[in-house]
Amino acid sequence: MGIAARITRIAAAASLIAATLTSDIALAQRVPRGPPALQAEFREFLVPFRQALRANDPAGVAAHTRLPMIYNGAARDQAYFQRTIYRDLFTARNRTCLQTARPVYERDGEGTDSFLMFCGHVIFVFTKKQDGFRFADTGVDD
């Protein structure tokens, strides 16, 4: 392969890298953060929620969860949450991830404010209602 072909390949690779970095930076700048007061309220909620996760405390996490919760097609109470849902959703990997995951703000068409946290293929959804923020749901991150 000649020098001109090598230079062309290097230039193409550099352009691809630059485009990828630029799109990542643009995407990071577009991630909604939410109103400052709402961010502060969510951060305040996260402190005890994360403490319960660090302690691997199903009852503590349940205390910060909107219950009953729809899980596997049925409304589930606190006992079911602590016994089954906690074990299924809050694996060691997800508990670790939720300690540092960056919340993404979202407001739905009905005006409900939420923060989403992405851990692997699981989206953890925290919604705000009259009683404040609570863990409310999960989704699949494709």
Side-chain angles (χ1 to χ4, degrees), residues 1 4-142:
M1 172 182 338
R6 287 183 188 173
I7 291 173
T8 301
R9 283 189 179 186
I10 291 171
S15 295
L16 182 59
I17 290 169
T20 301
L21 291 174
T22 303
S23 66
D24 286 347
I25 291 168
L27 180 61
Q29 291 173 344
R30 287 184 290 198
V31 171
R33 300 195 105 177
L38 215 55
Q39 288 179 42
E41 185 178 349
F42 184 67
R43 279 193 307 272
E44 193 173 300
F45 158 81
L46 273 180
V47 171
F49 181 80
R50 284 177 166 164
Q51 287 172 342
L53 289 174
R54 270 193 302 279
N56 197 15
D57 177 11
V61 173
H64 294 88
T65 300
R66 195 160 311 290
L67 295 168
M69 171 184 263
I70 302 298
Y71 189 75
N72 288 337
R76 307 299 182 164
D77 64 6
Q78 183 169 350
Y80 188 89
F81 179 89
Q82 290 181 49
R83 185 177 61 248
T84 305
I85 298 172
Y86 181 84
R87 184 187 66 231
D88 290 350
L89 296 179
F90 296 98
T91 62
R93 177 177 278 168
N94 286 341
R95 289 192 315 270
T96 299
C97 172
L98 287 166
Q99 295 298 319
T100 58
R102 182 174 177 193
V104 176
Y105 173 73
E106 178 179 88
R107 179 171 233 180
D108 68 17
E110 297 173 6
T112 301
D113 293 305
S114 299
F115 282 92
L116 313 176
M117 296 175 81
F118 298 79
C119 292
H121 293 289
V122 181
I123 304 168
F124 290 86
V125 181
F126 303 87
T127 60
K128 182 177 182 345
K129 301 286 184 177
Q130 291 177 344
D131 61 344
F133 278 100
R134 296 283 184 266
F135 167 62
D137 200 4
T138 59
V140 177
D141 186 16
D142 298 347

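Counting from 1, the numbers follow the sequence of the chain as shown.
Rounding to the nearest 0.5 Å places CD1 of Ile70 at 9.5 Å from CD1 of Ile85. To the nearest 0.5 Å, atoms CZ (Arg66) and CG (Asp131) are separated by 4.5 Å. Taking OH from Tyr71 and CG from Asp137, the interatomic distance works out to 11.0 Å, rounded to the nearest 0.5 Å. A distance of 7.5 Å separates NZ in Lys129 from OG in Ser114, rounded to the nearest 0.5 Å. Atoms NZ and CG, from Lys128 and Leu38 in turn, are 6.5 Å apart once rounded to the nearest 0.5 Å.
The aromatic rings of Phe49 and His64 sit perpendicular to each other, their planes meeting at more than 60°, with 30° as the lower class boundary.
Taking the six-membered ring wherever Trp is involved, the centroid distance between the rings of Phe135 and Phe90 falls below 6.0 Å. Aromatic rings from Phe133 and Phe42 are positioned such that their centres are separated by under 6.0 Å.
In this structure, a donor-acceptor pair under 3.5 Å is absent between the side chains of Tyr86 and Asp57.
Tyr105 has its side chain within reach of Pro35: a pair of non-hydrogen atoms, C-beta onward, lies under 4.5 Å apart. Gln99 places a side-chain heavy atom less than 4.5 Å from the side chain of Arg54. Using a 4.5 Å heavy-atom cutoff, the side chains of Arg95 and Asn56 are in contact. Between Val61 and Phe81 there is a side-chain heavy-atom pair separated by less than 4.5 Å. The side-chain heavy atoms of Arg76 and Asn72, taken from C-beta on, include a pair separated by under 4.5 Å. Between Cys119 and Leu98 the shortest side-chain heavy-atom distance falls below 4.5 Å. The shortest distance between side-chain heavy atoms of Asp113 and Glu106 does not fall below 4.5 Å. Residues Val125 and Ile123 have side chains in contact (heavy-atom distance under 4.5 Å, counting atoms from C-beta outward).
Side-chain N or O atoms of His121 include one that pairs as donor or acceptor with a backbone N or O of Asp141 at under 3.5 Å.
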### Task
Check the pair Leu46, Met117 against side chain to side chain contact (heavy atoms under 4.5 Å, CB included), reporting the backbone distance first and the verdict last.
CA-CA 11 Å; Leu46 273 180; Met117 296 175 81; 4.2 Å; yes
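Of all heavy-atom pairs between Glu41 and Gly132, the closest is OE2-CA, 3.9 Å. Taking each heavy atom of Pro103 and Ala101 in turn, the nearest pair found is CD-O, 3.4 Å. Here the closest heavy-atom approach between residue Ala136 and residue Met69 is recorded as O-CE, 3.4 Å.
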